*Asks:* 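Sharing a structure here in structure tokens format.
Just so we're on the same page: letters track the sequence lines, and every chain starts at 1. All of these numbers come straight from a predicted model, not from anything done at the bench.
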Number of protein chains: 2
Amino acid sequence: MKDVKARTVFVPPHRERGVVDARIAEAGLRPTAQRSVVYGVLLDHAKEHPTADEIFIQAKTEKPEISMATVYNCLDALVKHHLVKQVHLERAATRYCPNMDEHAHFLCETCGEVWDFEGAAKPRTSGFRVPSGFTVTQTEVNMRGVCPACAEQEVAR
Amino acid sequence: MKDVKARTVFVPPHRERGVVDARIAEAGLRPTAQRSVVYGVLLDHAKEHPTADEIFIQAKTEKPEISMATVYNCLDALVKHHLVKQVHLERAATRYCPNMDEHAHFLCETCGEVWDFEGAAKPRTSGFRVPSGFTVTQTEVNMRGVCPACAEQEVAR
DNA sequence: AATCTGAATTAGAATAATTCTAAATGTTAT
DNA sequence: ATAACATTTAGAATTATTCTAATTCAGATT
């Protein structure tokens with residue numbers, strides 16, 4: 001039987017008992033209750049690219065004592081340990097993204113939602129000249145435009 | 001004599017009398033004294049990708065009565081009329097960029113400075129799959145790494 | 001098991017960037 | 001000159017985030 005093609009779409013792991021903690025531990029972080037909740041919420045809502053605030057509200061339903069400061073602390077720790085990325089497409093609340101596969105972000109200028117476009121930047125062919133002396137460690141691609149749902153609404157008018 | 005190669009590096013226009021105003025007018029904006037000062041300052045400091053605050057400080061030397069709110073108003077107007085772009089590489093003060101040629105931004109993670117890398121994104125070859133139904137109007141490429149000056153300091157240690 | 005130690009969490013205060021508000025001023029069309 | 005509208009202004013308000021200091025927690029050590 002042939003091998004299945006490499007998966008290019010990010011699928012967040014199920015939040016089975018221990019899976020989230022294991023990932024946190026693998027990243028070299030102590031899996032505290034709060035970190036598990038925060039990371040778990042983020043994995044569950046990866047598509048929405050939630051803000052700290054949105055994560056806080058959701059986390060509270062699982063752990064009512066959690067504080068906003070802790071959500072920020074946990075997110076910072078997750079970012080430092082490469083489990084999560086910050087997304088800044090506009091000057092608005094930072095959004096968080098647990099998809100660490102290389103991908104581009106798309107911001108719908110009509111509804112403000114953010115989408116992941118899978119793929120990988122090819123520095124050689126991307127069309128930009130990196131002057132000598134510069135070391136590029138990360139390339140981020142952000143697109144803007146109109147998502148299918150908003151395009152439809154536009155037509156209806 | 002052969003033609004000189006097309007210039008790919010953004011050269012801000014000199015701030016000769018009227019040039020800045022003419023650009024503002026061409027963009028469909030009334031060239032008020034404040035707008036001229038704000039746009040002029042930004043053109044003079046294009047390399048630095050200044051924040052509203054930095055523009056305000058500099059604008060004050062030319063027009064002491066100008067207020068912060070006006071700097072924001074002017075910048076908003078310039079952005080709306082496609083004379084200026086906002087740059088958001090991190091959650092920090094918005095930076096402004098009067099280089100409307102297509103280019104990438106590079107953020108030095110050591111010193112925090114932002115640089116322009118000339119070139120143009122080639123959506124076809126850039127390596128990302130745009131799902132059908134999405135309309136992309138703008139593609140922005142941001143790189144991170146170490147600039148030559150900071151790389152040198154690193155070595156010295 | 002009790003104790004120590006450093007890490008993590010907490011509530012609330014502080015900060016920073018930006019937006020809002022309402023009044024004053026300036027500009028353009030009549 | 002006047003009306004109508006746009007722009008500017010100072011300062012208040014808002015928002016996201018960071019800071020602070022006290023408390024709690026987890027794991028290691030007695």
*Asks:* Consider the side chain of B:Thr70, meaning its heavy atoms from C-beta on, and name the nucleotide among D:dT9, C:dT10, D:dA16 that approaches it most closely.
*Replies:* D:dT9
*Asks:* Between B:Arg30 and C:dT27, does any side-chain N or O lie under 4.0 Å from OP1 or OP2?
*Replies:* no
*Asks:* Got more than 12 heavy atoms from elsewhere within 6.0 Å of NZ, B:Lys47?
*Replies:* no
*Asks:* Any salt bridge between B:Lys63 and B:Glu65, counting N to O under 4.0 Å?
*Replies:* yes
*Asks:* State plainly whether one hydrophobic cluster holds both A:Val87 and A:Leu78, where clusters connect Ile, Leu, Val, Met, Phe, Trp and Tyr through side-chain heavy atoms under 4.5 angstrom apart.
*Replies:* no
*Asks:* Rounded to whole angstroms, how far apart are NZ on A:Lys60 and P on C:dA11?
*Replies:* 7 Å
*Asks:* Taking the minimum atom-to-atom distance to the side chain of B:Ala69, which one of C:dA17, C:dG12, D:dT9 wins?
*Replies:* D:dT9
*Asks:* Please confirm whether the shortest side-chain N or O distance from A:Ser67 to OP1 or OP2 of C:dT9 is below 4.0 Å.
*Replies:* no
*Asks:* Over all strands shown, is B:Asn73 touching base, sugar-phosphate only, or nothing at heavy-atom distances under 4.0 angstrom?
*Replies:* base
*Asks:* Figure out the NZ/C1' separation between A:Lys80 and C:dA7, and round it to whole Å.
*Replies:* 14 Å
*Asks:* May I ask you to test the B:Tyr96-B:Lys85 pair for a side-chain heavy-atom distance under 4.5 Å?
*Replies:* no
*Asks:* Under 4.0 Å from OP1 or OP2 of C:dA17: is there any side-chain N or O of A:Arg91 that close?
*Replies:* no
*Asks:* Looking at A:Thr32, I'd like to know whether one of its side-chain N or O atoms comes within less than 4.0 Å of OP1 or OP2 on C:dT9.
*Replies:* yes
*Asks:* With a 4.0 Å limit, can you tell me whether A:Thr94 has a side-chain N or O closer than that to the phosphate oxygens OP1/OP2 of D:dT17?
*Replies:* yes
*Asks:* In terms of side-chain heavy atoms of A:Glu65, which of C:dC20, D:dA16, C:dT10 is nearest?
*Replies:* C:dT10
*Asks:* Within this structure, what is the CE-to-P distance between B:Met68 and C:dT18, rounded to whole angstrom?
*Replies:* 7 Å
*Asks:* Could you tell me how far apart B:His81 (NE2) and D:dT7 (C1') are, to the nearest whole angstrom?
*Replies:* 14 Å
*Asks:* Would you say A:Gln34 reaches C:dT10's phosphate, i.e. side-chain N/O to OP1/OP2 under 4.0 Å?
*Replies:* yes
*Asks:* In terms of side-chain geometry, is the basic nitrogen of B:Arg144 or A:Glu140 positioned less than 4.0 Å from the acidic oxygen of its partner?
*Replies:* yes
*Asks:* Measure from OH on A:Tyr72 to C1' on C:dA14 and round the result to the nearest Å.
*Replies:* 14 Å
*Asks:* Counting side-chain heavy atoms from CB outward, which of C:dA17, C:dA8, D:dT7 is closest to B:Arg35?
*Replies:* D:dT7
*Asks:* To the nearest angstrom, how far is B:Glu90 atom CD from D:dT18 atom C1'?
*Replies:* 15 Å
*Asks:* Output the rounded distance in Å from CG (B:Leu75) to P (D:dT7).
*Replies:* 15 Å
*Asks:* Could you tell me how far apart A:Leu29 (CG) and C:dT9 (C1') are, to the nearest whole angstrom?
*Replies:* 15 Å
